[in-house]
Amino acid sequence: MSTDNITHTHSAHVSHHFKDATQEYDSGKQGIWLFMVTEILMFGAVLVGYGIFHHLYPAMFSEGAKQLDWKLGFINTLVLIFSSFTMAISIQLIQRNQIKKAAMALAVTILCGAIFMVIKYFEWTHKFHMGFYPGRFLDMAKTHAEHANLGMYFGFYYCMTGLHGLHVLIGMGLITWLLIRTIRGDFHSQYWIPVEGVGIFWHIVDLIWIFLFPLLYLVG
Amino acid sequence: MAANNHKHDPNVLHPHISPTSMYLKVAAALFGLTILTVVAHQFHHQLGAFASLVAFGIAAVKATLVLLYFMHLKDDNNMNRAIFASGFFFLIVLLLFSVVDIATRVTEVSPL
Amino acid sequence: MGHSSSAHGENYINCEKGLWSWLTTVDHKRIGLMYMITVMFFFFVGGVMALLLRLELFAPNTVQGVGQVLKNGDVYNQVLTYHGAIMVFMVIVPGIPAILGNFFLPIHLGAKDVAFPKINLASWYCFMFGAALAIATFFTHKIDTGWTFYTPYSIRTGTSTVLMVLGAFVMGMSSVLTGLNFIVTVHKLRAPGMTMHRMPLFVWALYSTAILQMLATPVLAITLLLLAAEKLFGVGIFDPALGGDPVLFQHFFWFYSHPAVYIMILPAMGVVSELIAAFSRKVIFGYTAIAYSSLGIAAVSFFVWGHHMFVSGQSATAGIIFSFITMLVGVPTAIKMFNWVATIYKGSVSFDSPMLFALGFLFLFAIGGVTGIMLAVLPIDVHFHDTYFVVAHFHYVMVGGTLMALMGGFYYWFPKMFGKMFSETLARLSFVFIFIGFNVTFFPQFILGAMGMPRRYFDYIPNYEALNKISTVGSWLILTGFLIGLYAIVQGIRKGEKAPMNPWGAKTLEWQTSSPPPHFNFDVEPVVTAGPYEYR
Amino acid sequence: MMWFNFAKAQSFMPTQGTEIAKQVDNLYGFLLITSFIACVLVIGGMIYFVLKYKRKSDNDKTAYISHNTALEFLWSFIPLVIFLAVFAWGWYIYHGMRTMPKDALEINVLGKQWAWEIEYKNGFKAVNEVVVPVNTDVKLLLTSQDVIHSFFVPSFRIKQDAVPGRYTALWFRAEKLGEFHVFCAEYCGTSHSGMIGKLRVVTREEFDKYMEEGQEEGQLPIAKRGEKLFALKACASCHSVDSPAVKVGPSLFQVFGHEVVLEDGSKVTADENYIRESILQPNAKVVKGFPHGVMPTFQGQINENELNALVEYVKSLK
């Protein structure tokens, strides 16, 4: 613990309508968790749809899952977990006032996000190339699809990975903003709530991928 | 963490700082579990119906690790835990009632 | 308390000047007023649409063209869709929480502001942006899906549904942000001594509403996104052509939209609790029951959405379960009604215009409530579903309930918001016109529904003519009432007498700061020692 | 039970065409009366209290009654009991509504924008008219070819959505002879309110005769067949045939042999080939003042014989 360099100037970070730093910190944290609930419900509703249709058309979903390359999904899972680790570490480093290292950790996190997106990009373009478009645009002749409604599987695939990818991009944007502020010296052992907030968001993105990976690539 | 500690000035935060070793251990566990998922998948023909159960069981364990250690729910207050749990609760409600409808659609008789 | 900064005349309105200071403000009071102006504007637009619909229905198109006001069925359907979508997403849902809630929730708690003032402002911009997207469809391809966007119609119709659902999505964001702010404010920013059980019932209602906003809106958001994806990329989830299920769309939609009904009515109930207590000068009867019934309604409302789908092709089993749980939601609602009436008992009742609106609310909500129970009964709903009976029912609840409470609350807090008094005569006159006009408009629609007239009809068989005529005439009375009300407001703001600190003699915290309140609500942070309705 | 019948008379429900309708009306009557009593209690109590406890002076003392547990329990419990009783009653009737009788006469109903297409088991098709024998169990199998519609017979108190991609079912046993309205109760677009059919309840003999006549349809004159087809394909939802009035599309009354102005201002005579082309490729030559792409193409959906019949029918509209 290196909380010894506290000075009272830090309380200048407390907004006017809060009494003290504790109240502000607790409020901020609660707000973030509330927002995460909306994320869970949003993704969860698609998962509910996925679950229902998977149950109705197991063979079709199995055919769809076989078209995906689990190795890419596997690599992406590892990349995201590693980025989650660096994100968590960055907060801990800021709490210990090791700002430079924290900035490094944040930069690595952004890099991991970028790697994830690049792999995703190649996955998607490959699928397009093969004719696996979503829904009714799926090229039945080119893909030799056995099930007439295979497009629905890819509908789910693109919706889920697309929405997730969008979150990765938003997360990368937010972390870039954090990185700039970290380098500028805005964060320290008495003020890190934005880092923690974005961190929780980033972990949620990771968490969702942890479920998407077996759901889309492995189960069939 | 940061619970109102009357001995201290509330204007000074005393975060609960987890050691780096803890993060490393959790990350290693997550990596290991991911590999385990893939290994289990190689035997999905033998596992049959259990294949998806195993895959989601492992995913659930991974998710719990992330929640407890990376997102610090382990050290957080009950309110935030309840808030987060409520999301899953209402998700289950959505699933349950939709399934009740879809699974009992019979045109001939009202079963109840 | 009781210190006043009005001595040197500085308040939240005049502390900063210029349009820019309003557009960049993070003051919850100013944001409340900005919501007020925008919501009033959209209410006007939606109201004009309603008048057009009623005008069209004045007569059936017996001989081609005669009795026809709108060009054809398509135009009618568009007007109907905009009326529904605007009134739901831009007026009733944000109505009370975003205007009165934003303004008074922090003051009621003795706080300086909501927990996240910048997010509060962002929520207003989200609302404006979403509304702009929705209104933009008006200038591209007008939408005609109805506000419910049912698939597969919404996928097949060649209109700009995507833009509209994106608009609703962004407005949903705004709703989520407001809810998030309120929950954290209630949890974390209460003044010393302000325990949860000393909060005014309006705050309890807003708190319950905020929980609904947080938990229900995301599902609507994803449903609308999936609908947009369906329309753009044909993903097939809701499209029967690919094995998708249009009824599943209805499940997802009503998972939000039923709780949304309570998002609309719970704050109104909160306002009414305030009004009844203040104008009876009496402690509210059954504070705990009212407070927890709000939470109860919020919780149970997530389990009843299927009662919108009794004839949709949903299974009989699901229908029966949903009908049963719906009955349970009736109980906390009934409790509130009885508690309000019991509060009046042995009170000292004044008939100031806000109280008239509150009594009007009780009257109309009683009718809306009992017809709601009827609609929850399976075989009755099979007959009434999608008829004018339903239209009448939800207008009794949404307009007779929410809008009456909004008007009542607005007059009640007008002196505090603007520091001026309004003309009591005009306000009462406006009430009389709205109340009578409302009943003339919507009561005949119950009968029309019983007779079997389906809703969303551009034209009807001659049997239904007489009642439709009455209904249309009623809509003109409502218009008159609202115009008088608008005049009363404008006149009050411009020329009203200076308002005292506590014109009604009420006990909640907002009446213990100056009118209008100072920038940070209180000169000295209040310390609370008693409940909100201690009239002894 | 005078008062009960009185309440029902005030309920404005349409004719009771079935036994189920009577059951529904009884429950509705009960609900109306209980609701009325509840409203009188609440609204009456409210009015009585506000008048009795009207403010006399600004210093009125009010009673401090914060709660009353017994009272609160009562007014939670009594409504709960009533609600549950009403639910159980409703459940009983609903069970009857949703349990399909065995050996019922089955009729297929297809909803489409904006007409009901009825198909009997012997292959006879009709549009917007369901004919059923009296005192017979009838089961309707509903589906839709485009969007969701809802088959609603107010006099029978029954309603069921017709959902594309699957079947839903509905049954009734008509007890009264006569004609009843069939409405579409689920919003389905432009002519939603025009999607009105009739349900004709006839005697067994008349029904059998109707079925026979339907089978002899093949021997009708060609223009008559065209007329039937015109109704069957729901052309009548958009084109008027007996007056120049405009519905969704142009009127076909007295069109044949006359010149029509197209959207580019050019003129064309409405001869057989123009009508044929307008049926098969509706967007090829659109009449001035009408939007593109509204009329669906019938290419591949009707055969040459049917096309002939339709052209002949349009020719006959004088």
Side-chain angles (χ1 to χ4, degrees), chain B residues 1-16 49 52 55-56 59-60 63-64 66-68 70-112, chain C residues 176 179-180 183-184 186-188 196 210-212 214-220 222-223 237 243-256 258-259 295 298-310 312-326 378-379 382:
Chain B
M1 106 172 65
N4 269 324
N5 192 335
H6 294 291
K7 275 181 247 164
H8 297 286
D9 178 1
N11 239 334
V12 178
L13 296 173
H14 301 278
H16 173 98
S52 45
F56 288 116
T64 315
V66 173
L67 278 169
L68 290 181
F70 281 0
M71 296 163 88
H72 303 119
L73 263 191
K74 193 167 92 54
D75 308 312
D76 216 324
N77 58 35
N78 281 333
M79 179 54 87
N80 286 349
R81 285 182 204 156
I83 286 171
F84 195 67
S86 68
F88 287 97
F89 175 75
F90 285 99
L91 212 51
I92 289 167
V93 171
L94 175 65
L95 176 69
L96 193 75
F97 281 89
S98 306
V99 167
V100 162
D101 167 28
I102 288 169
T104 60
R105 277 182 199 165
V106 200
T107 45
E108 291 309 307
V109 285
S110 155
L112 286 177
Chain C
V176 163
L180 185 151
I183 293 181
V184 178
V186 167
H187 283 167
K188 298 288 179 194
M196 289 292 270
I211 293 174
L212 289 178
M214 295 299 302
L215 291 172
T217 317
V219 177
L220 175 77
I222 191 66
T223 310
I237 299 170
D245 187 357
V247 179
L248 188 70
F249 174 85
Q250 298 175 23
H251 276 297
F252 277 30
F253 181 80
W254 289 111
F255 181 86
Y256 162 77
H258 190 72
L295 281 179
V300 183
S301 73
F302 278 100
F303 305 84
V304 300
W305 77 81
H307 67 218
H308 296 268
M309 302 165 57
F310 286 155
S312 68
Q314 179 182 240
S315 79
T317 313
I320 291 163
I321 295 171
F322 278 124
S323 169
F324 175 75
I325 307 175
T326 307
L378 289 156
V382 169

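Lettering follows sequence order; numbering is per chain, from 1.
Contact annotation for B/L91: neither backbone nor side-chain heavy atoms come within less than 4.5 Å of a heavy atom of chain C. Interface remark: C/F302 contributes backbone and side-chain atoms alike to the contact with chain B (heavy atom separation under 4.5 Å). Only the side chain of C/F322 comes within less than 4.5 Å of a heavy atom in chain B; its backbone stays farther off.
For an aromatic pair to be called close, the ring centres must be under 6.0 Å apart, and B/F90 with C/F255 fails this.
To the nearest 0.5 Å, atom OG1 of residue B/T104 and atom CD1 of residue C/I320 are 9.0 Å apart.
Ranking B/I102, B/D101, B/V93 against chain C, the residue ahead of the rest is B/D101, based on heavy-atom pairs under 4.5 Å.
Here the side chains of C/F303 and B/L96 are not in contact, with every heavy-atom distance at 4.5 Å or above. Looking at B/I83 and C/M214, their side chains never come closer than 4.5 Å, going by heavy atoms from C-beta outward.
In this structure, C/L248 and B/S98 approach most closely via the heavy-atom pair CD1-CB, 4.2 Å. Closest of all the heavy-atom pairs between C/L215 and B/S86 is CD2-OG, 3.9 Å.
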Worksheet item: So B/R105 and C/D245, side chain to side chain contact (heavy atoms under 4.5 Å, CB included) or not? Walk me through it.
Response: CA-CA 13 Å; B/R105 277 182 199 165; C/D245 187 357; 3.0 Å; yes

